[in-house]
Amino acid sequence: MANLCSYGWNNQWQQLKNDLSYNELEHGRIISTHKTRYDVATTEGVLSCELTGNILYTKEPHEYPITGDWVVFQRFGELGIIIDILPRTNALSRKKSGTKASVQHFAANIHKAFIVQSCDANFNVRRTERFLIQIVDSGIIPILILTKADLGIDIDKLKQSLGKIGEKTEIFVTSIYDIESIDRLRKIINPAETFIFIGSSGVGKSSLINRLCDHQLLETSAISTSTGKGKHTSTRREIFLLESGGVLLDTPGVREFGLAVDSDDTIAETLDIDQLMGKCKFHDCTHTSEPDCAVLNAIASGDLDVGTYNSYLKLKREAMHFNETTYERRERERQFHRMVKEVIREKKSRDSSV
Ligand SMILES: Nc1nc2c(ncn2[C@@H]2O[C@H](COP(=O)(O)OP(=O)(O)OP(=O)(O)O)[C@@H](O)[C@H]2O)c(=O)[nH]1
Ligand SMILES: [Mg+2]
Ligand SMILES: [Zn+2]
């Protein structure tokens, strides 16, 4: 019987489960999601689960379980039915690509996020900022990892180019060919904490996880009753366990981000220009053309990097656009619900007058 504490189950989760009166149900953690099926780590290995009709018909698809969620389920032979999702401590989200802005959550209940970039052409300060803002805004602690240090690139120069964000965030330099660099990283992965690896395709996220896992649980998903073939399928695992107890997430959702933040405060704070902003002459200064703008003055005097400033304007525009479209969508939904209620009311009054 596997101990779910290694997946991060603890007294707080147990308490939450009790408070919601789910004592009769089993619990488990989502280790990967498929279209209509979820692989759940349970006390008896990985169980293939589906959603109860209640979730399917009362929740929106963006409220369905995601990797990292703790769920309660009922077992029916080789299949589980997910009854509910325990309230998340946090979730990482991104803006769904396409014209309409809508948030897509892709990983839940995370303590720390590793922003992974390789020491080659992939390294990009602006991308680092984008990842950093989304992570901080989600209430997750960020850590920077520079991989492929063996490629012979000037690491100090790379670190310098990160400017203020490099000073504020812990940075690890790794190579899969340098065991000590992996050991240093392993030391900060605490037992029972959940870590997510974020970064573009090819930067070495999976390679790092492979090196960090001294021991990997080999499990196969349950026999598929939905296809009736009774065949073992291998699990596309997105959660990995370290022997020391750390839980590592490697999900495909993390490769590109569209900014999905509610206010631009996190953007200014992360880019370290929030204090400057407080010194502008006008309290509603847009920092673009106003006289006595502390931000523009700092650029002129060389105290603020113009690249950081441009990044701030761009990300702020993106966040603003995201919020407008989210607002419009919510408004449309509200109007639709109002209309439905009206129709029901009219029908009821017609029925009662017959
Ligand atoms: N030289 C060098 N190559 C590395 C290192 N780490 C990973 N690689 C190589 O980089 C390539 C991509 O590594 P992956 O671990 O698959 O990258 P990933 O970030 O998981 O990519 P996706 O799963 O597509 O998001 C592979 O060919 C690795 O062998 C490293 O430290 N040094
Ligand atoms: Mg990978
Ligand atoms: Zn200003």
Side-chain angles (χ1 to χ4, degrees), residues 92 94 110-176 178 180-190 195-205 207-208 212 254-257 259 261 264-278 287 294-295 298-316 318-319:
L92 260 181
R94 61 181 186 141
I110 302 152
H111 295 95
K112 289 168 185 159
F114 290 128
I115 301 172
V116 187
Q117 300 216 73
S118 47
C119 300
D120 54 13
N122 167 264
F123 180 84
N124 183 308
V125 180
R126 304 283 93 93
R127 192 189 302 113
T128 315
E129 290 167 345
R130 181 179 291 269
F131 282 148
L132 207 54
I133 290 164
Q134 194 65 56
I135 289 163
V136 172
D137 197 66
S138 311
I140 299 166
I141 299 168
I143 292 155
L144 297 181
I145 301 189
L146 301 175
T147 59
K148 310 192 188 183
D150 53 279
L151 293 180
I153 285 164
D154 187 342
I155 310 260
D156 286 337
K157 216 162 152 191
L158 286 193
K159 280 187 179 172
Q160 260 171 26
S161 69
L162 285 168
K164 287 269 165 53
I165 58 170
E167 292 167 23
K168 290 202 297 190
T169 325
E170 200 172 359
I171 306 180
F172 283 82
V173 180
T174 66
S175 162
I176 52 169
D178 175 7
E180 279 179 22
S181 75
I182 307 289
D183 285 343
R184 275 197 294 275
L185 189 60
R186 196 184 282 116
K187 280 202 185 103
I188 65 156
I189 301 176
N190 301 320
F195 293 77
I196 189 163
F197 284 72
I198 287 175
S200 326
S201 187
V203 294
K205 302 181 295 293
S207 308
L208 257 187
L212 286 164
V254 301
R255 292 177 191 139
E256 48 140 347
F257 264 60
L259 214 58
V261 298
D264 57 9
D265 291 351
T266 319
I267 303 176
E269 276 165 34
T270 309
L271 299 182
D272 217 30
I273 54 181
D274 55 320
Q275 289 186 4
L276 274 177
M277 287 170 151
H287 325 295
V295 177
I299 295 172
S301 67
D303 288 339
L304 175 63
D305 172 44
V306 72
T308 308
Y309 169 72
N310 286 334
S311 186
Y312 165 73
L313 292 182
K314 185 168 181 290
L315 294 169
K316 190 175 135 171
E318 219 177 285

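- Atoms OG1 and CG, from T147 and D120 in turn, are 7.0 Å apart once rounded to the nearest 0.5 Å.
- Of the possible donor and acceptor atoms, one in the side chain of Y309 sits under 3.5 Å from a partner among the backbone N and O of H287.
- Of all heavy-atom pairs spanning E269 and K168, the tightest one is O-NZ, 2.7 Å.
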task: Apply salt bridge (charged side-chain N to carboxylate O under 4.0 Å, His left out) to the pair D156 and K159, showing each step before the final yes or no.
output: CA-CA 5 Å; D156 286 337; K159 280 187 179 172; 5.0 Å; no
- request: Step by step, work out the side-chain contact (heavy atoms from CB on, under 4.5 Å) result for L212 and F197.
  value: CA-CA 12 Å; L212 286 164; F197 284 72; 3.8 Å; yes
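- Atom-to-atom distance recorded for T308:OG1 and I165:CD1 is 7.5 Å, nearest 0.5 angstrom.
- The minimum heavy-atom distance between S161 and V125, with the atom names listed, is O-CG2, 3.5 Å.
- Remark: side-chain polar atoms of S138 are paired, donor with acceptor, to backbone N or O of Q134 under 3.5 angstrom.
- Put simply, CG on L304 and NZ on K164 are 7.5 Å apart, with the number rounded to the nearest 0.5 Å.
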task: Check the pair R126, K314 against side-chain contact (heavy atoms from CB on, under 4.5 Å), reporting the backbone distance first and the verdict last.
output: CA-CA 10 Å; R126 304 283 93 93; K314 185 168 181 290; over 6 Å; no
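- At a cut-off of 3.5 Å, with distance as the only test, no side-chain donor of S175 or D178 sits close to an acceptor on the other residue.
- Within the 4.5 Å cutoff, side-chain heavy atoms of L92 are placed close to those of I198.
- Here S200 contributes atom OG and N124 contributes atom CG; the two are 8.0 Å apart, rounded to the nearest 0.5 Å.
- Closest of all the heavy-atom pairs between G199 and K205 is O-NZ, 2.9 Å.
- Closest non-hydrogen pair, R127 versus N122, comes out as NH1-O, 2.9 Å.
- Taking each heavy atom of G202 and K148 in turn, the nearest pair found is O-NZ, 2.8 Å.
- Contact record, V173 with S181: O-CB, 3.6 Å, taken as the closest heavy-atom pair.
- Looking at heavy atoms from C-beta onward, M277 lies in side-chain contact with V295 at the 4.5 angstrom threshold.
- The distance from the CZ atom of F123 to the CG atom of L158 is 4.5 Å, given to the nearest 0.5 Å.
- Shown are I188, T169, I135; of these, the side-chain contact (heavy atoms from CB on, under 4.5 Å) with I143 is made only by I188.
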Full working for side-chain contact (heavy atoms from CB on, under 4.5 Å) between C119 and L151: CA-CA 7 Å; C119 300; L151 293 180; 5.6 Å; no
- request: Show your reasoning for whether side-chain contact (heavy atoms from CB on, under 4.5 Å) applies to F114 and L185.
  value: CA-CA 10 Å; F114 290 128; L185 189 60; 3.9 Å; yes
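- Separation of atoms CG (L315) and OG1 (T266) is listed at 11.5 Å; rounding is to 0.5 Å.
- For K112, the NZ atom counts as densely surrounded, since its 6.0 Å shell holds more than 12 non-hydrogen atoms of other residues, nucleotides or ligands.
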